[in-house]
Amino acid sequence: MAQAAQNKTRGRKLLGASALLSVLAGLYFGLIEAPPDAYQGNAQRIMYLHIPSILTAYLSFFIVFIGSCLFLWKREKRDDILASSAAEIGVLFTALTILEGSIWGKPTWGVWWTWDARLTLTAILLLIFIGYLMLRSLIEDETRAAVCSAVLGIIGFLDIPLIHMSVYWWRTLHQPPSILRPDKMPWENIHPSMLIALAVNFAAFILLYFYLLSLRFHVGEMEEEAKTRKLYRGSL
Amino acid sequence: MRIVIRGLSKSYGLVWALKQTDLVLEPGECIALLGPNGAGKSTLLGLLSALLHPTTGEVLIDGQRLDQGSSPLRSAIGLLTPSGHLYEGLTLRENLHLFNSLYGVKKSPQEIDEALDTVGLGRWREEYVSALSSGMKCRLGIGKWLLLQPQFLLLDEPYGVLDGSGVDLLESYLKRLCRSGGTVVMATHHVSRILTLCSRALILRRGELIFDEPRQQPWESFHRTFAEFLPRGDQWSS
Amino acid sequence: MSGWGFVFLAYGIVWLALLLYLFFLKRRARRVEKELAALRSSAVKKN
Amino acid sequence: MELLRQTVWLLRKDLLLELRRRESVVAMFFFGTLLLFVFHFAFEIPPDRAAAMAPGLLWLAFIFTGTLGLTQLFQAERENHCLEALLLGPMDRAALYLAKVSFNLFLMLLVEVIIFPLFWILFNLAFWELLPSLFLVALLGTMGFCVLGTLFSAVTLKARARELLLPLILFPLMIPVILATVRGMEILLRTGQFEEAVPWLRLLVGFDVIFLTAGFLIFEWVIEA
């Protein structure tokens, strides 16, 4: 048992180190190497943060979905810890995504918040995440909290495509697509070094995300073990 | 109805409501469940009636585990607790009609009225349950059993609300059921009733089973173990 | 606030938030490890 | 067909209780009308813009009224531990789900049938001939609300501060329904043709079907947790 825990922590340290390295590389490419954008000037550099963090937000919601399905099927505490860890980190990344989006919006559109499709969707995702964490904290009985959170995780995930469709239809109704809109996928006609910067930042965010997830998951497992030990200390 | 309990335990947060217990309840047994408040009696009843999920272990009723989803075998379980399990806004008859149909039991209105008469609630047939006293609600619970004929009965302190004739009604019903192979588990504090009615006694303390013996005539071991929980000067403790 | 101002604002907030979260997570991990070590040692002592 | 029979019996029970106590219906109806007045005072609605804003205000009133109904949905089961009485027996758990969905749907539609014309009078709109098709859109939207609302009413049944928690969880998930219903009605009012609103209605029907099946399958684990 100790050996498995050993190389798990070593694996985590390795993941952490590589995450740190790729983040630094991302910063270097994003801030120094890549040229400023023709229209938006330097503000466009926020894109190297914004696009990857949107991905991690949706990735964490997918992991919550997977954890929830596994938990409802096999009822193992481990899957529930995975779902709650992914949700906690998901909230952080989603909130940061919205922050980046609005900071990026100020120079490009002159307003801190626009009902742009992508920003709205991330905001809705954040609301579902907050509902998930609130639900988990407001139910006393743990198994009931785990089951109910799993249900919200699954229903929330099934709802994402419907939310996407309705928000995009709603958006095209109100604001015809314009050139400056940042949610035009930026890699059509883009400078190669910008592409590298985006790719490196993608890697950085993914590695960082899984590092934080594995750390939070480990903490969750330890807390669970501490609880069961306290429980069994009394009787057996 | 044979009930096997293997390694059953239930914990809430950091507290053990019921510690590891192994038990076999044979058909025809009328078992008394005793113990101070908070000893885990209600938890054990909840687990036996498959309404609570155990932390470890399982409850097998006729070899089947019932706490996951609905199964036909659940119609054999009967539960009677002070809360009554009845819809306040419905009349006595409507309550019985509803539970009959949900259990898939086809009973004519006459049979329902008959059951109400046998439990002495004939006059209140059209009254709302909210108008009933808790003793009458308990009698209605027995009336429900007369129609649904469960084989495995779980009672939580019925004596607290029943009057003299109610107790006779309940005990005659339980005796008949045990003779016909049913199993009864009754959580109560009334030692005097147990000595006449039950064939076996279980005593729980802080979630642990500390006494499990069938009834013999002198039964000193039962009095010794249970004496500690009786109020001072109770005639049974001497 | 020129272009660079916004960039530093965005990068600053994001990485600060992530570092803060990492810090609190590490602290939480250390506290649980200490508690767990105590529990494990007391369990070993008992049996 | 055992499922259908049990659902009918449970629905009959709920309707009977509601008929006698009449607490949910009356509360929901007056709450709905109250909201209409409040909206009238809150928003300075120019007559020409009334048609454009009508669907949004109307649907907002229905959503809040519906939430009021949802928090009361399992009230009968909470008294005297009746939920345990139902779960004790061999009742199909999904029957309880279907019964509660149809009961809440019935309540909301009852309130909507009254509030729709009232809204038309208060905001003196024309388009009386459009009311049936508008009501169809509202029906699909209410169905979506009840399907998910009932599931999450059960989810938050034993949570602390459940009246606050239920809308907090439900409304973000309801966004497709809110958008589809309001846009659908608006298009109907603006253009008068039904075909225009069909894409939104398809979205609504998709939402109802997906979450009716999801709720049907998941409800058992939630109610027994």
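In what follows, every heavy atom counts, from backbone to side chain, and hydrogens, waters and symmetry copies are set aside.
In this structure A:Tyr132 satisfies the side chain to side chain donor-acceptor pair (under 3.5 Å) test together with A:Arg136, sequence neighbours excluded. Under the side chain to side chain donor-acceptor pair (under 3.5 Å) criterion, A:Glu88 pairs with A:Arg216, C:Tyr21, sequence neighbours left out. For A:Tyr58, the ring pair (Phe, Tyr, Trp, His ring centres under 6.0 Å) test picks out A:His164, with sequence neighbours left out.
Between the side chain of C:Tyr11 and the backbone N or O of A:Arg45 there is at least one donor-acceptor pair closer than 3.5 Å.
We find that C:Arg40 and A:Glu225 are joined by a salt bridge, their nearest charged nitrogen and carboxylate oxygen being less than 4.0 Å apart.
When the candidates A:Leu49, A:Leu208, A:Val219, A:Val23 are compared by the number of heavy-atom contacts under 4.5 Å with chain C, A:Leu49 comes out ahead. Most heavy-atom pairs under 4.5 Å with chain A, from the set C:Arg31, C:Glu33, C:Arg28: that is C:Arg28.
Contacts with chain C (heavy atom to heavy atom, under 4.5 Å) involve these residues of residues 91-101 of chain A, listed by number: A:Leu92, A:Phe93, A:Leu96, A:Leu99, A:Glu100.
At a threshold of 4.5 Å between non-hydrogen side-chain atoms, the residues A:Ile46 and C:Leu9 do not count as touching. Residues C:Val7 and A:Ile103 form no side-chain contact, since every pair of their non-hydrogen atoms from C-beta on lies 4.5 Å or further apart.
The minimum heavy-atom distance linking A:Met222 with C:Ala29 is given by the pair CE-O, 3.9 Å. Scanning both residues, A:Leu212 and C:Leu18, for their nearest heavy atoms gives CD1-CD2, 4.3 Å.
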Mind running ring pair (Phe, Tyr, Trp, His ring centres under 6.0 Å) on C:Trp15 and A:Phe205 for me, showing each step along the way?
CA-CA 11 Å; C:Trp15 296 118; A:Phe205 263 74; 5.7 Å; yes
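With a 4.5 Å cut-off on non-hydrogen atoms, A:His50 does not touch chain C at all.
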